[in-house]
Structures are given as C-alpha cells and as structure tokens.
There are 2 protein chains.
Amino acid sequence: MLRTKGTGSQMTASTPRRQPTLDEVAERAGVSRSAASRVINKAPHVSRATRDAVERAIKEMGYLPNRTARALATRQTGIVALAVSHDDPQLFADPFFAQVIVGVSAALEETDLHLLLCLASSGRGRFRLTNLLRTRGVDGLMLMPLHGDDPLTRLVAQAGVPVVYGGRPWHVQPQWYVDSDNVGGARLATEYLAGLGRTRIAAITGQMSTDVGEARYRGYREAMIIAGLTPHGTAEGDFTEAGGAAAMRSLLASHPDLDAVFAASDKMAAGALRVLTNSGRSVPADVAVVGFDDVGIAEHTAPPLTTIHQSIQALGKEMARMLIAVIGGEEPTSLILPTRLVRRESA
Amino acid sequence: MLRTKGTGSQMTASTPRRQPTLDEVAERAGVSRSAASRVINKAPHVSRATRDAVERAIKEMGYLPNRTARALATRQTGIVALAVSHDDPQLFADPFFAQVIVGVSAALEETDLHLLLCLASSGRGRFRLTNLLRTRGVDGLMLMPLHGDDPLTRLVAQAGVPVVYGGRPWHVQPQWYVDSDNVGGARLATEYLAGLGRTRIAAITGQMSTDVGEARYRGYREAMIIAGLTPHGTAEGDFTEAGGAAAMRSLLASHPDLDAVFAASDKMAAGALRVLTNSGRSVPADVAVVGFDDVGIAEHTAPPLTTIHQSIQALGKEMARMLIAVIGGEEPTSLILPTRLVRRESA
DNA sequence: GCTGAGACTGGAAGCGCTTCCAGAATGTCG
DNA sequence: CGACATTCTGGAAGCGCTTCCAGTCTCAGC
C-alpha cells in the first residue's frame, strides 16, 4: 500500500473560529437570550425592533444554532434512522437499497431531518441499533425486515421511538408500514400468463417463511383459481439466481411439460431462464417467464424479462413521509403501493 | 393507492417509560452524580464500593446515558457523515456507492460512531450539508467529490470539522484522502495490451476535467511511452455507456485499424464493446478491450470484460479509519490503494 | 385618569451529561 | 504518632439552547 504525505496545501481547514453562541448574539443585539431565541424560532410576541436587532446580529456574526444544544432542550435530534437488517452485509449492495435510500432522501430533503444509515447485519450491528434508539439518538426509525422473523422487529418494538416498516415482517402487522402490493402483482403476472393462453403455469416462490414470499405465492394461487387452472408445479427458491436455477431444474424434472413460469423475483427468473435455455427450450416460445421486482437485472437478461414493476424509490419516499407524519404527532394510515406489469420479451 | 388501517395489534410500542437519568442512578446507588459519571466513563479514582453500587443501580434501572446530553457536554456527537455529491441523485444507485457504504460501515461498526448519509445533489442538499457541519451536527465528514470542481470542496473546507476525501478533487490536494491508484491501474491495463502484442492501442478517457479521468489517461500515456508505442487515437467519454459508445464510434472513424482499446471505465468499455461488435469486429480477436473499475457490469458484458479491479469497499473502509484517526487527534497519512488486473475474455 | 387585556420582555429553571476543584478520607513512612 | 502523598468524593459550574413565568409596557375603552 503506497503512502503519500498529505501536503494540505490549499485545503487545510481555515481558522477554527468558535461559532458564536446565542448569548453572544443576544448581547450584541442588546436583548435577552430568550428574546433572541424567540426570533430564531419565529415564536410570537416579538416586537419589530427586537426582531430586526437580533436578525442583524445573527447576520453579522454568522450565527447558527448548535444542533446538539437544541436537541437536548427540545428532546428532538432531527435525525431519523434507516436500518437494513440482513446477515450478509454484502447483500446491501443490491440496487434495491440504493433505491430506497434515494426515495427516503428525497422526502427528507424537504424537511430538516437527516438520515442515519444502520447496516444491522451482525449481532453487534443490532446492538448498536437498539442502543441508538434507547439512548435517544434518533427521532424515528425506518426498518426493512428481510428475514421472516427478524429479531430486530422485537428489539425495536420497545424502543420508544416511532418505527415505520418497509415491507411487513412475517405474520405480524406493524402499526405503520408501507409495502408493495405483492399479492396483486403476482396475480397480475399470473393472469398475464394465463391470458397468453398458457395453461401449465409453474411457480418459483421465494422463501415461504417471509411475508413477500408468501404473498407472491398467494397472488399466483388466487389468479390460477380465478383462471380456472390448477398450479402446475411449485418450487421454493430463496430469491437468488442460484436458487431460481435450482428450483427451475426441479420443476423441469417434475413437470417437463410446463409452458410458463412465474418467478417471485427477477433474480430467480434469471436463474430459471438460464436453466430453460440450457435445457433446449426457447423462451418465450416454449416456456413464457414472468419475474417480479424490475430493479437491476430485468432488462439485461436474455431474453429481457417481462416482469412486475414495483417502485422502490416510491416505497422509500412514502416510508419517510409516514415517519415524518408520525413524529409530527399524526396518525397516518399504512400504505400499499401498486405494481404494474412491464412487458419485455420473456412472455 | 390502497390504504389499509394499521391495527397495531401486537406491535404497538410498549409503555414509553421515561429512561432513567444519571441523577436517578446516582441517587439509587447512594453516590453523587459525578461519581456515577466516573463509573460510566471508566474514569480513574473510583473506589471499588462506589463502582459496584453504581453498576448495580445501572443494571437494575436499565440505565443508558442520553446521547444528546453527552454530546453537548463533550462536544462530540458520535456521528460522522458520508456525503455524495452529484447533480443526478439517480446516480447514487450505482453499485459503487453501496460498496463504499459497506466498507465505511464495517469500519464504523468497531467504534461507536454512527453514519449519517447525505445525498448532496441539489443546491438544497449542499445547503443542508454545510449547515450540518457548521451547526456541529457531526464530528467529521467523508466526501466523495464526483465533479471536477465540485462546489462542495470549497464549502466544506471551512466547516471546522475534519474532512476525508474518497478520490481527489480536481487539481487540489486535500490534506486527507484515500484514492485508488488510477495511474498505476491504467498503466497496468495498457502494459497488458502491449504485452499481448497489440501496437495500435486507443484510449477512451473519462472527463479530463476530473482527477480520475486525467489520472487514468496519464497512466495510459506513460505505459505507451515505456512500451515504445505512440497513442493510437484518444477520445473523451463521460464514464457512461453511451459516452463510451460515442467515443468508440469516433475512434473507429479516425483510426479504423486500431487493434486494442483501453477504456477508463467498465461502463464506457461496455458501450465500446457494443459498437465494436456492431461494426463487425470481433473482441478480442480483432480488437482487445480492457476496462477499469470491476464493479457491477464487468462480468456481464459480452464478452466478459478484462478490467482493472479496485476495491471500493476497501476504499470506504480506509476512509472511515482515516477519519476516525483524525477525529482522535492523530495525523494519518493519505492512502493510495492498489489496483490489479482481472483477466476475463475481452483481452 | 383608571382599568384590564394583550403584547412584549428578561430572569431563571430546566434538558442530562462531563469535568474541574477543593476538601475529606485513606494510606504510607520515618 | 504526625506529616505528607494518594485516592476518592460531591458540589458546582459548565455545554448552548428552549420555555415557563412573572412582571412591564402599551393602549383601547369607559
């Protein structure tokens, strides 16, 4: 590892002039500290003269209120956390999270809340998070539970700060959440396959011990029933490409005559696509495939994947908005965001 | 948009019992607040008896020190910020950032610092960031300057908190930075192409108004000179796939006989690959291509891309470590992280 | 001119913690 | 056993802000 000596030429921090305090501002303006505080907080009962004097002093001194002191007095930190929980920190690299963050940031940008990011993968990470909550380090939490029964959901329940869920933990109905319409999306996908005239439609599900795995499978079943079809093979994957491939292989073994596959995620669909192609089947001629998510790879598979689109960015944005509302003392209702079918070439 | 009423059944926050304060702990332990504080901070001059009493009280009451109060007293927030600056917030979705974040998080996990994420794209975002710094909202900043002359570098210089750069801003040598060895990597790539016996090696550069664009081009030139070759066409791209394609087209027009291309990013290489294939040339038989970055797409191009690997995660980790050191009063030296060639099929 | 309702103001008491300091307690040694 | 160095201790003064409250001031209305 090369080491180069920083020169600090032009970029050394300039004189670390202590920031002026409210007292100093008040003194300069010739008023009391309380008066100055009122001006800053745009509180009522401030005379024109006082306001002007304080505002001039503020401008002249370049005053900015100290965040921490304000936080202590108001018991509001002005910070909300987004926690992502998964055993494999590497999984955070999924573009999914970037989208969530972009959405959350967009919503926060309009407020003066800042975003703290917690990758609570390890036990240590979870510990840090719960500590953060109990020590009143943040005003609220957005949580993305990825496991079926994430231990975090329990830890967080008694944290004393509002928690908004992105997606739902398994078999639990949080007070506040925003989720994609997984059931509806899966139904859409299946209906579409049925509408294409396919009758032997198999499903590759996600883990059935997660809410999204279960919900997407439910949507598939419901649509099959409505279409008057019977499920033609089901294999459980794990939302990964490898898992999708394995599921597809077992499906081909048990139902070699299938003519369509609904995969509960694009990654699994991508794996399935590979296996189908390798087995000599052509997609979509022999077998039509529809995925779910439309984030990242769907456009880049061969052939490009017809899939169910969900706006992850919108999900992030709504989570943040909901949290802001809760913090503000409102009682927002939870949200289910719509999904839509995106036609490409695999079906 | 469907709306469902949250039931809050099992997940309502339990009694929001006020957290005990240090005073209460001290009282319960029968000692003064100062004594209790000393125990908590593992300060010297605490008798065994006092320590035991306080620790028991802490355990019994489930005491955890209030972060904000502590921050006010110590003037340390325990929070560091990672700021990403780019006009297009969408660009944050690049897996690059996820890697940085994973690296940073890994380093922070061992401390009790938390990570604040700032997407300072808009003017508003920049304003929020500078405000955060001046209001003493964070103890330090990690900055990824993406433009050539990002306005942020200036704003941040007088912020009064330590700043560590990831990559270097253009034509400025920050006091603390960690960067990939862009020159060395580009040299590696070019040497490799020359070693393959290619002699008519063109370059697709990034914006020459960025440090990385310039550095990678410099590496290419240096290697060419050392190999006794003369640059065989240079076109400036913008690090995007489309830009790479355009550059490749202009290169083919001016130097139709080129037999190798060094592209200063994988995305540009991907674009170039497409153009080359469409022009009827085969890669690597007719034209060998080497990219740079090895994050995201390099494995998925056709053919898979030989490229220069840089560990973005390591970069994030080192940035965080460096910032921690600076905050701790040390004077770390800046770092340049090594790169290495990854052979795939395009060269 | 007097009254009472507002509008305004500054003093003071927090928010919950750290840290300095003077003094009390303990121990050591000749 | 006294002198002195150590170790401990609690009181008090912050950190920089908000907010309650009891006053002061202004002014319409009678």
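Sequence lines set the chain letters: A, B, ... in the order given, protein chains first and strands last, and positions in each chain run from 1. Below, each value reflects all heavy atoms present in this structure, side chains not excepted, and no hydrogens, waters or symmetry copies.
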Approximate separation, where rounding is to 0.5 Å, of A:F92 CZ and B:Q99 CD: 9.5 Å

Just so I know, are the side chains of A:T153 and A:Y165 near enough to count as touching, which here means a heavy-atom distance under 4.5 Å? yes

With heavy atoms under 4.0 Å as the rule, sort A:S37 into base, sugar-phosphate or nothing. base

Looking at A:L82, A:I79, A:V138, which hits side chain to side chain contact (heavy atoms under 4.5 Å, CB included) with A:L115? A:L82

Taking five pairs at each end of the helix from C:dG1-D:dC30 to C:dG30-D:dC1, what angle separates the two helix axes (nearest 10°)? 50°

Full working for salt bridge (Lys or Arg N to Asp or Glu O under 4.0 Å) between A:D52 and A:R48: CA-CA 6 Å; A:D52 288 350; A:R48 184 60 201 266; 3.4 Å; yes

Tell me which of B:T68 and B:S34 sits closer to the 5' end of DNA chain C, going by the nucleotide each one is nearest to. B:T68

Comparing A:R33 with A:R38, nearest DNA chain C nucleotide closer to 5' gives the residue A:R38

Outer limits of DNA chain D sitting under 4.0 Å from a non-hydrogen atom of chain B, read 5' to 3', are D:dT7 to D:dG16

For the pair B:N41 and B:R70, evaluate side chain to side chain donor-acceptor pair (under 3.5 Å) and give the outcome as yes or no after the intermediate values. CA-CA 11 Å; B:N41 295 305; B:R70 188 173 255 188; 3.2 Å; yes

Between B:T50 and A:A69, the residue closer to the 5' end of DNA chain D by nearest nucleotide is B:T50

Say you draw a straight line from CG of B:L129 to CG of B:L152; how long is it, rounded to the nearest 0.5 Å? 5.0 Å

Can you confirm whether A:Q19 sits close enough to A:N66 that some side-chain heavy atom of one is under 4.5 Å from a side-chain heavy atom of the other? no

How many angstroms lie between atom CD of B:E318 and atom CG of B:L337, to the nearest 0.5 angstrom? 6.0 Å

Judged by atom type as modelled, is there a donor-acceptor pair below 3.5 Å linking the side chain of A:E24 to the main-chain atoms of A:T21? yes

Run the numbers on B:E55 and B:R51 for salt bridge (Lys or Arg N to Asp or Glu O under 4.0 Å), then give the verdict. CA-CA 6 Å; B:E55 280 173 352; B:R51 180 188 325 287; 5.0 Å; no

Residue pair B:P44/A:I40 against DNA chain D: nearer the 5' end by closest nucleotide is B:P44

Under 3.5 Å, N/O pairs linking protein and nucleotides 23-28 of chain C:
none

